[in-house]
Amino acid sequence: MADNRRVDLSVPSAARMYDWLLGGHYNYEVDQRASEELLKVAPTTKELARNNRWFLERVVRVMAEEHGIRQFVDFGSGLPTQNNVHQIAQAVDPRSRVVYVDDDPVVLAHGQAIFDENDQSVVIASDMLETEYILEHADFRRLIDLDQPVGVLFNSVLHCIPDASGPGDLVTRVVDRLRPGSFVVICQLVSDDAGLRRQVTEMMLEQTHGRWGQVRERAQVDRYFDGLVIQPPGLVDVTDWRPDSELKRRQRSIEWTEYGGLAEVPPGRRSGAAVPRPRTA
Ligand SMILES: C[S@@+](CC[C@H](N)C(=O)[O-])C[C@H]1O[C@@H](n2cnc3c(N)ncnc32)[C@H](O)[C@@H]1O
């Protein structure tokens with residue numbers, strides 16, 4: 001089902017708060033105020049957002065340069081920023097193709113012009129849980145050949161999905177459609193501090209009027225990778241995922257981190273079957 005959310009500028013959104021934390025301009029006063037509240041609880045969250053984006057840049061480059069991936073799907077792509085996935089991938093090979101998926105109306109309004117800037121990238125407006133709608137979408141079919149390896153990103157998005165909606169099942173539904181030699185990137189917000197996990201989860205749920213998921217423990221994120229072949233250096237604070245400069249190695253978040261990594265889809269993993277998501281209505 002296509003997403004038809006309307007912009008509500010009185011309610012902060014995760015996409016616009018993240019944009020503000022990164023120093024972007026696609027956000028409003030409500031997003032700034034909510035982010036400032038978040039910084040009181042987790043003061044190193046700007047560093048966390050920046051580290052996450054640096055990780056995304058590195059991991060897309062690694063998939064393109066070292067594994068020859070030329071088609072990418074970016075679930076929960078966020079607002080356009082510097083070095084979007086298609087720019088990184090097309091710097092390696094201009095023929096690289098990228099499908100972005102997001103359900104935030106502001107992302108879609110600004111993203112359409114920038115992500116659709118050539119006929120090799122497109123943004124699909126959808127709740128990412130609607131995997132069948134996305135994988136069967138005409139634009140998806142035009143750009144992504146599921147019989148060839150794909151690089152799939154769930155980068156800093158699964159904490160937007162509550163346990164009740166099955167973030168792990170979402171990953172499984174997508175991975176089951178990929179051929180061996182495909183790659184999956186997953187990272188999400190974690191903390192070892194149960195009090196912080198609870199406090200930030202409650203704060204974000206209240207601020208976004210329930211459009212959020214939860215901060216998790218590392219072991220929960222580890223389970224998203226079941227059946228996949230995790231690539232070196234393993235599952236880590238993304239700051240430690242093959243940092244390419246001393247500055248990036250040093251700049252850390254303290255209270256919480258983006259945790260995850262890169263994994264390959266092994267032979268025998270693909271079912272190929274379309275597994276519809278059970279509908280509640
Ligand atoms: C923190 S941003 C991450 C952006 C980007 N992936 C990155 O790592 O820089 C999370 C994004 O996921 C999107 N998102 C959250 N829940 C979603 C859902 N159920 N379906 C589609 N997009 C969603 C939000 O709109 C937001 O743009």
Side-chain angles (χ1 to χ4, degrees), residues 1-5 7-8 11-24 26-27 31 34-35 38 45-46 48-60 72-88 98-112 114-115 123-131 133-134 137 151-167 169-171 173-174 184-189 200 204-205 207-215 238-239 241 253 256-262 277:
M1 185 194 305
D3 189 85
N4 55 5
R5 274 172 62 194
V7 184
D8 181 350
V11 178
S13 88
R16 299 191 317 253
M17 288 175 68
Y18 179 63
D19 178 66
W20 183 82
L21 289 162
L22 284 173
Y26 300 120
N27 55 74
D31 307 304
S35 304
L38 188 57
T45 303
K46 282 188 180 177
L48 179 149
R50 177 43 50 211
N51 284 343
N52 176 65
R53 203 65 213 175
W54 280 334
F55 165 67
L56 179 139
E57 292 172 16
R58 295 195 295 276
V59 79
V60 170
F72 297 85
V73 184
D74 186 8
F75 285 97
S77 43
L79 280 150
T81 179
Q82 288 180 336
N83 289 335
N84 301 293
V85 173
H86 71 282
Q87 290 156 330
I88 304 161
V98 180
V99 168
Y100 295 99
V101 178
D102 209 291
D103 69 349
D104 185 296
V106 177
V107 171
L108 300 170
H110 292 290
Q112 219 91 36
I114 293 168
F115 295 152
V123 57
I124 294 178
S126 177
D127 183 333
M128 65 181 142
L129 290 164
E130 301 285 349
T131 47
Y133 170 79
I134 297 162
H137 194 285
V152 170
L153 295 116
F154 292 102
N155 207 70
S156 186
V157 290
L158 294 180
H159 49 250
C160 299
I161 308 284
D163 280 352
S165 299
D169 295 341
L170 163 65
V171 173
R173 283 200 302 281
V174 173
V184 185
V185 177
I186 303 171
C187 70
Q188 86 132 72
L189 291 166
V200 177
M204 285 299 295
L205 282 169
Q207 294 277 16
T208 62
H209 292 196
R211 295 197 70 87
W212 213 66
Q214 63 194 86
V215 185
V238 299
T239 313
W241 199 93
S253 59
W256 56 348
T257 57
E258 289 280 359
Y259 169 80
L262 173 69
R277 184 166 74 101

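Indexing begins at 1, ligand by ligand and atom by atom, following the structure's order.
If you look at Ser126 next to ligand 1, the close heavy atoms, those under 4.0 Å, all belong to the backbone. Here Arg53 has side-chain heavy atoms under 4.0 Å from ligand 1, and that is the only part of it that gets that close.
Set against the non-hydrogen atoms of Gly76, the atoms of ligand 1 under 4.0 Å away are 3 (C), 4 (C), 5 (C), 6 (N), 11 (C), 12 (O), 13 (C), 22 (N). In summary, the atoms of ligand 1 found under 4.0 Å from a heavy atom of Asp104, numbered by their order in the structure, are 25 (O). In summary, the atoms of ligand 1 found under 4.0 Å from a heavy atom of Gly78, numbered by their order in the structure, are 4 (C), 27 (O). The contact set between ligand 1 and Ile161, taken as ligand atoms under 4.0 Å from a residue heavy atom, comprises 19 (N).
Under a 3.5 Å cut-off, the side chain of Arg173 and the backbone N or O of Glu130 do not form any donor-acceptor pair. In this structure, the side chain of Thr208 engages the main chain of Met204 through a donor-acceptor pair within 3.5 Å. Using modelled atom types, no side-chain atom of Asp19 and backbone atom of Leu79 make a donor-acceptor pair closer than 3.5 Å.
On a distance-only criterion, Asn155 and ligand 1 share at least one N/O pair closer than 3.5 Å. Considering backbone and side-chain atoms alike, Ala14 places every N or O at 3.5 Å or more from each N or O of ligand 1. When only interatomic distances are considered, the shortest N/O to N/O separation between Asp127 and ligand 1 falls below 3.5 Å. Residue contacts with ligand 1: Asp74 is placed with no nitrogen or oxygen under 3.5 Å of a nitrogen or oxygen of the ligand (distance criterion only).
Of the listed options Ser156, Pro105, Ser165, Ser77, Ser77 places a heavy atom closest to atom 5 (C) of ligand 1. Checking Cys160, Ala15, Gly111 against atom 16 (N) of ligand 1, the nearest heavy atom belongs to Cys160. For atom 14 (N) of ligand 1, the choice among Asp103, Val157, Thr81 with the nearest heavy atom turns out to be Asp103.
At least one heavy atom of Asn52 sits closer than 4.0 Å to an atom of ligand 1. Residue contact check for ligand 1: Gly213 places no non-hydrogen atom closer than 4.0 Å to it. Not a single heavy atom of Leu22 lies less than 4.0 angstrom from ligand 1.
Under the rule for a salt bridge (charged side-chain N to carboxylate O under 4.0 Å, His left out), the partners of Asp163 that lie at least two apart in sequence or sit in another chain are Arg216. Applying the side-chain contact (heavy atoms from CB on, under 4.5 Å) rule to Val157 yields the partners Met128, Phe154; only residues at least two apart in sequence or on another chain are considered.
Of the N and O atoms on the side chains of Asn155 and Asn52, at least one donor lies less than 3.5 Å from an acceptor on the other residue. Using modelled atom types and a 3.5 Å distance limit, the side chains of Trp256 and Thr45 yield a donor-acceptor pair.
At least one side-chain heavy atom of Asn84 sits under 4.5 Å from a side-chain heavy atom of Tyr100.
In summary, of the residues considered (Asp102, Ile124, Ile134), a side chain to side chain contact (heavy atoms under 4.5 Å, CB included) with Phe75 occurs for Ile134 alone.
Taking the six-membered ring where the residue is Trp, the centroids of Phe72 and His86 are separated by 6.0 Å or more.
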